[in-house]
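Values in this document were obtained by computation on a predicted structure and should not be read as measured data. A, B, ... follow the sequence lines: proteins, then strands. Residue 1 opens every chain. What's counted below: heavy atoms across the whole structure, side chains too, no hydrogens, waters or symmetry copies.
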Amino acid sequence: MEKELRLMKGNEAVAEAAIRAGADGYFGYPITPQSEILEYLMVAKPYETTGMVVLQAESEVAAINMVYGGAGCGKKVMTSSSSPGISLKQEGITYIAGAELPCLIVNVVRGGPGLGTIQPAQSDYFQATKGGGHGDYHLIVLAPASVQEMADFVGLSFDLAFKYRNPVMMLSDGAIGQMMEKVWLSPQKERSKTVPEWATTGKPPTRERNIITSLDLDPNAQERFNQKLIDKYNLIKEKEVRYEEFQCDDAEYLFVAYGTSARVCQKAVQLCRADGIKVGLLRPITLFPFPSKRINELADKMKLILSIEMSAGQMVEDVMLSVNGKVPVYHFGRMGGIVTAPDEVVEFLKSKIIGG
Amino acid sequence: MTEEIIIAGFGGQGVLSMGKIMAYSAMMQDMEVSWMPSYGPEMRGGTANVIVIISSDRISSPIVRNFDTAIILNQQSLDKFENAVKPGGVLIYDGNGITRHPERKDITIYRVDAAEEAGKMNSPKTFNMIVLGGFLKVKPLIKLENVIKGLKKSLPERYHNLIPMNEKALERGREIIKKV
């Protein structure tokens, strides 16, 4: 079947892509700027067509625990929220990571801390990539930069989640969630009729019972489990790094930016090059695993590197670790729900070139 | 070709839907499009604006601060966006309720009195299509037939009987827009 062209909001694309990816269930609670995901699903009524469950829970905490339950049964399940709601879900997320269950969590980020603002931001980078809840764990984190990727990454997220038995987060923001662009939608995939062998679906006489838990009171056993998780994360770091480069071949300066900021920086690259400044852009597509190796290689031929994000400077720490002191690394970006403008990025770069 | 447009006015004037129809119809012509609305407190408090970008190439930033064309539908928006038009760019405005008219000399200014015209046509809801007609006269980026397709796509089916009226409004906009 052919792909279908639509003009959609990023949030709507997530919802439609979830139905088409053959998701078994969505559990959510409304919050701006991501409410269109739940709204779209409620209008689309996939429970009447594919059989996908759509449920508005009584709270974010309830929604993530419904995801925990669904995932434990081996189902393709997801939730979505925006920053304050994602904070509420953290207990459930660390349990899901500890129980090694697959699921998709979509965060359409807004400015914080606290209730903050409803406008776009990228200030949840630490929370998404460094754990978020308690304990040593990582989510696989994908950063869509277009409405097309909001759709494409839903299926990819489920594939990665099941491949590694690990929760996956799509870290988007209010701008990508709210804007409309062209999107090519994949054909409808059938919902899976089988579940993985680890799923808790009732014990038949033919096998031992499956146990899903994140609790082990024996420190030695728990440490062995921690080591197993580290091995898994190392495998993910080796196999799943994704990024995109723009005009890096002859570049003397490098922008590193993801999501909305990467779009802004593409424009900034064009503006700089029109002024004769050779700039390139590396856009991490996976934030965990982070494209550290590639950034380290690129640093060899750069005079300086700018990390651009709509935060007080979070990803810049990973950029610095990647560069490991080879060249100066700076952070620039607006906060509080203001999207950095391309010309601001250009001005900042110029000030650093002149200022040294 | 890249055209960066801002449409700004009051909520309820059809600012967002005008942008949506533009984006739909440009998409019908195989162009790349982005539609980035203001959302949240601004929208709830009265003013609404949307950035529409139409391009033959992949669109980089969907959010920009300077525009090739500004379509301005109230005084607050004129005050806010007159200086955001690129030198040599275009500003289109509706004179209704405007007390301080645009003053820049380095851009081309057009006036389309769509509110007054919609009143005369006895169909206030076609206001935004009169404005869009005017815009397309100045910047013929999209074919009329594709605008009609865009209208069909973005209007719920129960309103499809209003399409001939909107076609008329688009035509009227082309006729009444004038250079200032």
Side-chain angles (χ1 to χ4, degrees), chain A residues 5-11 32-36 82 108 110-111 116-120 145-148 173-184 244 246-247 257 259-271 281 283 308 310 334 337-347, chain B residues 2 4-7 16-45 48-68 83-84 86 142 146-147 149-156:
Chain A
L5 178 65
R6 297 249 200 109
L7 183 71
M8 291 181 116
K9 284 189 172 191
N11 288 335
T32 306
Q34 65 81 54
S35 296
E36 291 87 356
S82 179
V108 183
R110 59 190 245 183
T117 168
I118 60 174
Q119 305 296 329
S146 62
V147 174
Q148 183 66 54
D173 66 62
I176 295 175
Q178 293 295 326
M179 79 169 162
M180 287 205 294
E181 285 186 313
K182 271 161 88 159
V183 53
W184 290 96
E244 190 180 10
F246 295 92
Q247 309 198 31
T260 295
S261 290
R263 297 287 294 270
V264 168
C265 284
Q266 277 176 49
K267 179 106 185 170
V269 167
Q270 291 163 8
L271 294 173
L281 165 66
R283 172 173 83 91
I308 312 289
M310 297 185 288
R334 301 294 299 268
I338 297 171
V339 176
T340 318
D343 47 307
E344 289 177 315
V345 176
V346 176
E347 286 313 307
Chain B
T2 298
E4 294 169 333
I5 306 156
I6 182 137
I7 312 169
L16 299 185
S17 55
M18 191 198 323
K20 210 191 255 188
I21 290 160
M22 265 189 199
Y24 261 122
S25 26
M27 186 174 85
M28 303 281 168
Q29 290 179 205
D30 286 333
M31 315 264 260
E32 296 300 320
V33 294
S34 74
W35 176 93
M36 182 71 230
S38 62
Y39 66 93
E42 261 181 314
M43 203 164 113
R44 284 156 215 201
N49 67 67
V50 60
I51 300 171
V52 176
I53 304 178
I54 300 173
S55 179
S56 47
D57 304 311
R58 179 173 166 176
I59 293 167
S60 54
S61 180
I63 296 167
V64 288
R65 290 202 297 191
N66 298 293
F67 306 95
D68 299 300
N83 285 325
K86 293 177 193 170
I142 312 159
N146 288 322
V147 177
K149 278 187 200 161
L151 262 170
K152 280 184 185 153
K153 274 275 182 189
S154 57
L155 277 178

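Looking at A/A145, neither its backbone nor its side chain comes within 4.5 Å of chain B, counting heavy atoms on both sides. Interface remark: B/M31 contributes backbone atoms only to the contact with chain A (heavy atom separation under 4.5 Å). Interface remark: B/K20 contributes backbone and side-chain atoms alike to the contact with chain A (heavy atom separation under 4.5 Å).
Shown here for B/I63 and A/A175, the closest heavy-atom pair between the two residues is CD1-CB, 4.1 Å.
Here the NZ-OH distance, from A/K182 to B/Y24, works out to 13.0 Å after rounding to the nearest 0.5 Å. Between the CG atom in A/L7 and the OG atom in B/S25 there is a gap of 9.5 Å [rounded to 0.5 Å]. The distance from the CD atom of A/Q270 to the CG atom of B/D57 is 8.5 Å, given to the nearest 0.5 Å. Here the OG-CD distance, from B/S60 to A/Q266, works out to 6.0 Å after rounding to the nearest 0.5 Å.
Under the side chain to side chain contact (heavy atoms under 4.5 Å, CB included) rule, B/S61 has a single partner from A/V264, A/L271, A/T340, which is A/V264. Of the options A/Q178, A/M179, A/E181, A/M180, a side chain to side chain contact (heavy atoms under 4.5 Å, CB included) to B/W35 is made by A/M180 and by none of the others.
Contact check on A/E244 versus B/R58 returns a salt bridge, with a Lys/Arg side-chain nitrogen under 4.0 Å from an Asp/Glu carboxylate oxygen.
Side chain of A/R263 to backbone of B/I59: a donor-acceptor contact under 3.5 angstrom is found.
The number of heavy-atom neighbours closer than 6.0 Å to NZ of B/K153, taken from other residues, nucleotides and ligands shown, is 12 or below.
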